Amino acid sequence: SLLNGDPVNVDLSYVATVGEVRMRIADELGCNASSIKLLLSDNGKDTSALLADDQFVDELSGSGFIAVKQVLDPGLVKLTSSEETDFLTSGLDEGQVDFCKRTTLSYGDVVVWETSNHAACHIGGWGGSTHVAALSEDKCTLSVASGCVQRAKKELYGDSDKFAPTRKEFNVQDLVSAKGLM
């Protein structure tokens, strides 16, 4: 059952571990397994012992499970991007401006994802790579496009160009859970 007492109808036949129970409950609730925590129930009462995925179900002494569905707090999700520049000169060279871009996704004070790139502008034009990162309106999905910069300007190529950027999407809750914050 859920923490509020609502039943969760899940077939637990042939499950060996708590991790398998957690995955089946998550499937039934339509969420990621990382958002489900399980407690052992003794006749409907919480025993307050958080169960580990590798525990064997047949070794537990209780009458069932209580599922706690954790929810991401969008107020703690923050995407920041910064760029540093450096002008370099050498002997016969007319100079080069280096751009280092860094983007981080934080949950509270903890960085849960980050990336960085380097691009440069010199007498021959632009070179290197860059990225663009954005959060969905609900802050549940991080979208990142990364790739080569165009020679004429410090921007990614278009999707139909030969050097089209690579696009990836990340589930923010999974990133937060991977750091043990949920």
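Bear in mind that the values here come from a model prediction, so they are computed numbers and not experimental data. Side-chain atoms are counted along with the backbone in the values below, which use heavy atoms only and exclude waters and symmetry mates.
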Pair Glu84, Asp98 - check side chain to side chain contact (heavy atoms under 4.5 Å, CB included), show working. CA-CA 8 Å; Glu84 294 180 11; Asp98 285 339; over 6 Å; no
Nearest 0.5 Å, what's the [atom1]-[atom2] distance between [X] and [Y]?
X      : Y      : atom1 : atom2 : value
Leu60  : Thr17  : CG    : OG1   : 10.0 Å
Leu38  : Ile66  : CG    : CD1   : 10.0 Å
Lys139 : Leu76  : NZ    : CG    : 9.0 Å
Asp161 : Cys148 : CG    : SG    : 11.0 Å
Lys153 : Gln150 : NZ    : CD    : 5.0 Å

Closest approach of [X] to [Y] (non-hydrogen atoms, all atoms of both residues):
X      : Y      : result
Arg24  : Asp11  : NH1-O, 2.6 Å
Ser136 : Cys140 : OG-N, 3.3 Å
Leu156 : Ser146 : CD2-C, 3.9 Å
Ala133 : Leu79  : O-CD2, 3.6 Å
Ile25  : Ala67  : CG2-CB, 4.0 Å
Leu40  : Leu51  : N-CD1, 3.8 Å

Are [X] and [Y] connected in the hydrophobic side-chain network, where two residues link if heavy atoms are under 4.5 Å apart?
X      : Y      : value
Val132 : Leu142 : no
Val111 : Val144 : no
Phe65  : Val8   : yes

Restricting to side-chain contact (heavy atoms from CB on, under 4.5 Å), what partner residues turn up for [X], sequence neighbours left out?
X      : result
Ser160 : none
Asp58  : Phe56
Lys78  : Thr80
Arg102 : Ser82, Thr104, Glu114, Ser116

Under the rule for ring-ring contact (aromatic ring centres under 6.0 Å, His included), what residues qualify as partners of Phe99, not counting sequence neighbours? Trp126
Set of residues satisfying salt bridge (Lys or Arg N to Asp or Glu O under 4.0 Å) with respect to [X], sequence neighbours excluded:
X      : value
Asp54  : none
Lys101 : none
Lys162 : none
Arg22  : Asp53

Residues that, via side-chain heavy atoms closer than 4.5 angstrom, fall in one hydrophobic cluster with Tyr14: none
Other than Tyr157, what residues sit in its cluster of Ile, Leu, Val, Met, Phe, Trp and Tyr side chains whose heavy atoms are under 4.5 Å apart, directly or through others? Phe163
Would you mind reporting whether [Y] and [X] have side-chain heavy atoms less than 4.5 Å apart?
X      : Y      : answer
Val57  : Val21  : yes
Tyr107 : Asp73  : yes
Leu105 : Leu175 : yes

Can a side-chain donor-acceptor contact be found between Ser129 and His118 if the only test is distance below 3.5 angstrom? no
For Asn117 and Thr130, does a side-chain donor sit closer than 3.5 Å to a side-chain acceptor? no
For Val77 and Leu135, what are the C-alpha separation, side-chain angles and deciding distance, and is it a side chain to side chain contact (heavy atoms under 4.5 Å, CB included)? CA-CA 9 Å; Val77 177; Leu135 279 171; 3.7 Å; yes
Considering residues at least two apart in sequence or located in another chain, which fulfil the side chain to side chain donor-acceptor pair (under 3.5 Å) criterion with Glu155? none
Would you please test Asn171 and Thr141 for side chain to side chain contact (heavy atoms under 4.5 Å, CB included) and show each step? CA-CA 5 Å; Asn171 180 303; Thr141 304; over 6 Å; no
Run Leu39 and Leu50 through side chain to side chain contact (heavy atoms under 4.5 Å, CB included) and show every step you take. CA-CA 5 Å; Leu39 305 170; Leu50 187 63; 4.1 Å; yes
